[in-house]
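Note sheet for the following structure.
Reckoned from all heavy atoms, side chains included, excluding hydrogens, waters and symmetry mates. Sequential numbering from 1 along the given sequence is applied to the chain's residues.
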Amino acid sequence: MNSEKDIVRKSLWWFIGLLIISIVIGVYFENIAYPVGLIVGYVISYIVFMLTVLFTDIVVKGNKSMALVGVVMFSYLMRMFLYIAGFALAVIYPQYISIFFVAVGYGIVKVTIMTFHIGNKKEVINE
């Protein structure tokens with residue numbers, strides 16, 4: 001769909017901007033963990049977004065209710081596993097991955113979705 005591509009494109013701009021900021025902070029504090037944490041968080045958040053889009057399409061196209069419950073539960077567990085894996089990597093390797101910037105990376109796609117929908121509501125109201 002077009003809106004998913006718009007969200008990915010806009011989230012990439014947020015990511016690039018925050019990556020530049022995290023690189024500056026990393027250079028200042030002489031620590032690579034900040035940009036690496038942001039990259040880990042964004043990549044996991046992007047994968048979760050794509051899984052959500054995929055599983056939503058499966059649910060919308062599906063017609064068997066019990067199978068759909070399984071798909072929804074599997075989708076939820078997959079997303080939680082990915083989020084836990086990102087935080088676990090940051091806890092296991094704190095010298096290489098900043099847990100704070102992993103959390104910031106998780107928020108990039110979510111903030112992009114929120115701003116995208118707010119922008120679309122303003123366009124609908126103005127028309």
N31 side, atom CG; Y96 side, atom OH - distance, nearest 0.5 Å: 11.0 Å
F74 side, atom CZ; L51 side, atom CG - distance, nearest 0.5 Å: 8.5 Å
Check: I39 and F15 side chains under 4.5 Å, non-hydrogen atoms: yes
Hydrophobic cluster membership, I47 vs Y76, 4.5 Å side-chain cutoff: yes
Residues, nucleotides or ligands: over 12 heavy atoms within 6.0 Å of Y46 OH: no
Joint hydrophobic cluster, F87 plus I92, side-chain heavy atoms closer than 4.5 Å: yes
Neighbour count above 12 (heavy atom, 6.0 Å) for I32 CD1: no
Sub-4.5 Å side-chain heavy-atom contact between L38 and I108: yes
Non-hydrogen side-chain atoms of V109 and V48 separated by less than 4.5 Å: no
Side chain to side chain donor-acceptor pair (under 3.5 Å) against Y83, all qualifying residues, sequence neighbours excluded: K110
From CZ (R79) to OG (S45), nearest 0.5 Å: 11.5 Å
Distance (rounded to the nearest 0.5 Å) between S75 OG and I58 CD1: 8.5 Å
Co-membership, hydrophobic cluster, residues Y93 and I84, 4.5 Å side-chain: no
T52: partners by side chain to side chain donor-acceptor pair (under 3.5 Å), with sequence neighbours left out: none
Same cluster (ILVMFWY, side-chain, under 4.5 Å), I7 and V60: no
Closest non-hydrogen atom pair between S22 and Y34, with its separation: O-CB, 3.9 Å
Nearest atoms (heavy-atom pairs only) where P94 meets A33: O-CB, 4.0 Å
Heavy-atom side-chain contact between W13 and T112 under 4.5 Å: no
Any residue meeting side chain to side chain donor-acceptor pair (under 3.5 Å) with Y42, in chain and number order, not counting sequence neighbours: S11
CD1-CD1 distance between I16 and I21, expressed to the nearest 0.5 angstrom: 12.5 Å
For I23 against P35, the heavy-atom pair lying closest together: CG1-CB, 3.9 Å
Non-hydrogen side-chain atoms of V72 and F55 separated by less than 4.5 Å: no
For the student: nearest non-hydrogen atoms of E4 and V53, plus distance: CG-CG2, 3.6 Å
ILVMFWY network linking F49 to F81, side-chain heavy atoms under 4.5 angstrom: no
Atom pair CD1/NZ of I113 and K10 - distance to nearest 0.5 Å: 12.0 Å
Minimal non-hydrogen separation, I97 against G37, with atom names: CG2-CA, 3.7 Å
